[in-house]
Each structure stands twice: as structure tokens, then as C-alpha cells.
Amino acid sequence: MAQNRMSPLYANYEDLRSSEQPTGSDEYTIHIPGGVPHDAGAAAPPTMRHTPPDAQNRGFKTSENEPLGCMEWIVTALSMLVFIVTAPISIFICFKVVAEYERAIIFRLGRLSGGARGPGMFFILPCIDEYRKVDLRTVTFNVPQQEMLTKDSVTVTVDAVVYYRIHNPLFAIVQVEDYSTSTRLLAATTLRNIVGTRNLTELLSEREILAHHMQATLDEATEPWGVMVERVEIKDVSLPQSMQRAMAAEAEATRDARAKVIAAEGEKKSATALKEASDVISASPSALQLRYLQTLSSISAEKNSTIVFPLPMELLTPYLAKYAPMMQLPPKPDTNVQLPATNL
């Protein structure tokens with residue numbers, strides 16, 4: 001891009017703009033984009049030296065400085081005569097006005113007549129002069145949606161928007177037939193070419209990088225047309241329904257596997273904590289009773305009508321040992337004992 005801006009074509013256009021600016025003396029400074037200012041008196045490369053703004057210094061050759069033929073002189077004189085005869089009515093026809101954001105390119109008998117005119121008022125001769133206005137404001141257009149094939153053979157639909165403006169009205173009229181249509185078609189082709197060199201993952205995650213790459217490519221291609229691409233944005237990347245379902249299933253399976261791993265790690269940590277708690281409780285038997293009382297307190301706070309509370313058997317051990325003899329049943333008589341026989 002930098003080499004393109006330092007080409008003789010771009011340098012001549014900057015020289016033309018510098019020569020059109022009024023100066024108070026014979027000394028002047030030429031500003032070159034991307035470099036330092038060059039003084040006119042110092043030695044400079046041949047392509048950046050100040051020359052009069054003729055047709056050859058615009059980067060392309062025109063016939064505006066060629067001598068007029070006999071018929072052209074006659075037609076020009078007749079046009080001026082018509083203007084004089086029809087004055088002052090012709091004044092409203094021959095004087096044109098362009099706004100601050102517009103420039104006018106005049107053609108006299110088909111030949112270029114000077115550079116861009118405006119803003120303000122300018123004069124044209126009737127019947128032999130025609131002019132074309134160029135809007136210098138930023139233009140926005142959507143790149144038409146189109147199905148594209150990525151590098152990994154996935155069909156996607158990409159939607160982008162491009163912002164551009166005219167920085168050289170003369171080139172936009174003379175160098176290209178329709179700069180707007182040409183820029184739109186070139187943007188669609190460039191987007192397709194860039195998407196074809198990227199994988200689907202890169203296309204979804206590196207939109208900003210792709211937009212900058214597309215902007216640089218478009219700006220380099222449209223500079224000879226006088227068009228400057230200011231910004232490119234990739235709005236949306238659409239996938240087919242089958243690909244969306246496949247990617248959703250893959251993402252769901254990945255999340256399920258991750259959830260199972262996290263749950264297993266949680267069970268492992270909880271089991272370790274329970275083991276440590278059981279070791280602490282087993283070291284002190286009263287800790288279990290305190291835990292039961294704490295559980296009873298937490299359950300009663302919920303205002304339940306029925307509370308089932310397990311009573312540890314260790315609390316009844318002293319009472320069972322004291323009343324155990326009283327709770328024993330008397331021995332049963334032995335039915336197998338034989339009585340002594342008596343004689344009747």
C-alpha cells in the first residue's frame with residue numbers, strides 16, 4: 001500500500017494539488033504522504049519535483065492542451081456569440097453552482113477543460129460545454145449476500161458493508177466509467193477471494209483482521225479510480241442449518257463432558273471432606289451428639305409439623321446397664337423333668 005502511494009501517479013496528483021494552492025512567494029513546500037516535506041529549492045527525485053499542472057502530470061494523458069482545429073474555433077465563437085445575444089437570459093443557464101461537498105468536471109467539445117471546479121459558481125459555454133458533478137461525501141453500501149466456500153470446504157453466507165469516498169474527482173470521471181458500480185463489484189469479488197483463503201474458525205473469530213485485509217486490498221485497487229475505501233465491516237456470517245446443528249451438538253457434547261468432569265471432582269472433594277469430618281467425630285463421641293442437636297435446631301427453624309429425629313443409642317447405655325437385671329424374665333420350668341411314680 002505504501003509503495004502504491006509513493007508511485008509517480010500519486011506523486012503527480014499531490015504535485016497538482018500543491019501547484020493549485022495560492023502562495024505568497026516563489027518558494028513552496030510539497031507534502032508527500034508517508035514522508036517528510038521536501039523544500040522546492042532542495043534536490044528532489046524527478047517524480048516529486050514541482051512542474052506546471054499540465055495534462056501529463058495528472059498520471060494520464062489528455063487532449064486539453066492540444067491546439068484547437070478550425071471547426072472547433074468556429075463552434076466556440078458561435079457559442080460565445082449565442083451567449084452574448086441571449087444575455088441576460090443565458091446567464092441563468094451558463095452559470096452553475098456546486099455545493100461544498102461537490103466538485104464539477106467540465107468537458108469542452110469532449111475535451112477536458114482544466115481540473116475539478118468548486119465549491120462555488122463556475123461558467124460554462126452553451127451547447128459546447130458539459131459538466132459532471134462528483135459527490136465527495138462518504139458513501140455506504142452493503143455487499144450482496146452470497147454463498148462462499150471456505151478453505152476447509154464449508155459453505156457460508158457472508159454479509160459486509162463498505163464505506164468509501166472520492167478523493168480525486170478527476171480520476172473518478174476520466175479513469176473509470178462508473179466508479180460506484182465498479183467499487184461494488186470489486187468489493188463482492190474481493191470478499192469472496194478473502195473468504196476462500198480462510199478456515200471457518202478463522203472466519204468466525206478474526207472478523208476484524210479480515211475486514212482490515214479487505215479494506216487494504218480494495219483501497220489499493222480503487223486508488224487509480226480516485227476512490228478511497230475508508231472502512232470495511234463484516235456484519236454477519238451465516239452457516240447452513242445442518243452445519244449449525246452439527247456445531248451445536250459438538251458444543252453440547254463438550255459441555256456435557258466438562259460438566260461430568262466437574263461433578264466427579266466435586267464428589268471427590270466432598271468424599272475427602274466427609275472422611276476428615278468422620279475422623280474428627282470419631283475422636284470425640286460427644287461431637288456426634290452436638291451434631292444431632294445442631295441438626296434438630298436447623299430442622300425446627302423450618303416450621304415443620306413433624307420432626308423425625310434419630311436418638312443415638314449411646315444416650316441409653318447407662319440406663320440399660322442399671323435396669324438390665326430387672327428386665328430379665330424368670331426362667332421357664334423344665335417340662336422334661338420326670339415326676340416319681342406312685343403306687344395307688
Side-chain angles (χ1 to χ4, degrees), residues 1-14 16-17 30-37 47-48 59 101 103 134-173 175-240 243-244 247 250-251:
M1 187 66 184
Q3 296 179 357
N4 191 16
R5 291 189 178 275
M6 293 302 294
S7 62
L9 178 65
Y10 190 82
N12 290 336
Y13 171 64
E14 291 297 326
L16 177 60
R17 290 185 58 186
I30 301 174
H31 297 276
I32 303 298
V36 296
T47 57
M48 299 183 185
Y101 54 85
R103 298 294 183 270
V134 180
D135 197 332
L136 303 183
R137 293 176 293 182
T138 300
V139 180
T140 306
F141 68 90
N142 291 322
V143 180
Q145 290 186 356
Q146 48 187 338
E147 292 186 354
M148 309 175 190
L149 195 65
T150 60
K151 187 178 180 180
D152 51 354
S153 301
V154 178
T155 303
V156 296
T157 303
V158 183
D159 187 12
V161 59
V162 179
Y163 302 83
Y164 75 92
R165 65 179 178 87
I166 304 299
H167 74 89
N168 191 336
L170 186 61
F171 282 20
I173 297 299
Q175 292 290 82
V176 61
E177 179 181 2
D178 190 349
Y179 61 87
S180 179
T181 304
S182 301
T183 303
R184 294 170 187 268
L185 295 177
L186 183 61
T189 306
T190 304
L191 180 60
R192 178 180 290 272
N193 294 336
I194 291 178
V195 170
T197 59
R198 302 285 180 169
N199 296 327
L200 178 61
T201 305
E202 298 176 351
L203 186 62
L204 295 176
S205 60
E206 300 179 359
R207 293 189 182 184
E208 186 175 356
I209 298 177
L210 296 179
H212 285 301
H213 186 197
M214 182 177 176
Q215 177 186 356
T217 304
L218 284 176
D219 194 18
E220 183 178 358
T222 58
E223 186 178 359
W225 303 342
V227 177
M228 177 182 294
V229 179
E230 295 181 340
R231 190 178 182 88
V232 176
E233 291 291 341
I234 297 178
K235 296 195 301 183
D236 186 23
V237 178
S238 301
L239 299 175
M243 181 59 64
Q244 293 181 9
M247 294 180 66
E250 180 183 0

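Summarising the geometry, atom CG belonging to Asp178 is positioned 9.0 Å from atom CZ belonging to Arg184; distances are rounded to the nearest 0.5 Å. Here the CZ-CZ distance, from Arg165 to Arg137, works out to 13.5 Å after rounding to the nearest 0.5 Å. Interatomic distance, Ile194 CD1 to Leu203 CG, rounded to the nearest 0.5 Å: 10.5 Å. Atom NE2 of His213 and atom CG of Asn193 lie 10.0 Å apart (nearest 0.5 Å). Of the inter-residue distances, the one linking Leu149 atom CG with Lys151 atom NZ reads 12.5 Å to the nearest 0.5 angstrom. Taking OG1 of Thr189 as the start and CD of Gln146 as the end, the distance is 7.5 Å to the nearest 0.5 Å.
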List the steps, then state whether side chain to side chain contact (heavy atoms under 4.5 Å, CB included) holds for Tyr179 with Val139. CA-CA 12 Å; Tyr179 61 87; Val139 180; over 6 Å; no

Begin from the C-alpha positions of Leu191 and Met148 and carry the test side chain to side chain contact (heavy atoms under 4.5 Å, CB included) through to its verdict. CA-CA 9 Å; Leu191 180 60; Met148 309 175 190; 3.6 Å; yes

Take Ile166 and Val227, measure what side chain to side chain contact (heavy atoms under 4.5 Å, CB included) needs, and give me the verdict at the end. CA-CA 5 Å; Ile166 304 299; Val227 177; 3.7 Å; yes

Apply the test side chain to side chain contact (heavy atoms under 4.5 Å, CB included) to residues Leu186 and Leu218: give CA-CA distance (whole Å), side-chain angles for both, the deciding distance (0.1 Å), then the verdict. CA-CA 7 Å; Leu186 183 61; Leu218 284 176; 3.8 Å; yes

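Side-chain contact between Leu200 and Leu239 is present, with heavy atoms from C-beta onward closer than 4.5 Å. With a 4.5 Å cut-off on side-chain heavy atoms, Thr222 and Tyr164 do not count as touching. Using a 4.5 Å heavy-atom cutoff, the side chains of Arg207 and Val237 are in contact.
For NZ of Lys235, the number of neighbouring non-hydrogen atoms (other residues, nucleotides, ligands) closer than 6.0 Å is greater than 12. Other residues, nucleotides and ligands place more than 12 heavy atoms under 6.0 Å from the CD atom of Glu230.
Across Asp152, Val156, Leu210, a single residue satisfies side-chain contact (heavy atoms from CB on, under 4.5 Å) together with Arg198, and that is Leu210.
A donor-acceptor pair shorter than 3.5 Å cannot be found between the side chains of Asn199 and Thr201.
Geometrically, Arg231 does not engage Tyr163 in a cation-pi contact defined by less than 6.0 Å to the ring centre and at most 45° from the axis.
The shortest heavy-atom contact between Ala188 and Val143 is CA-CG1, 3.8 Å.
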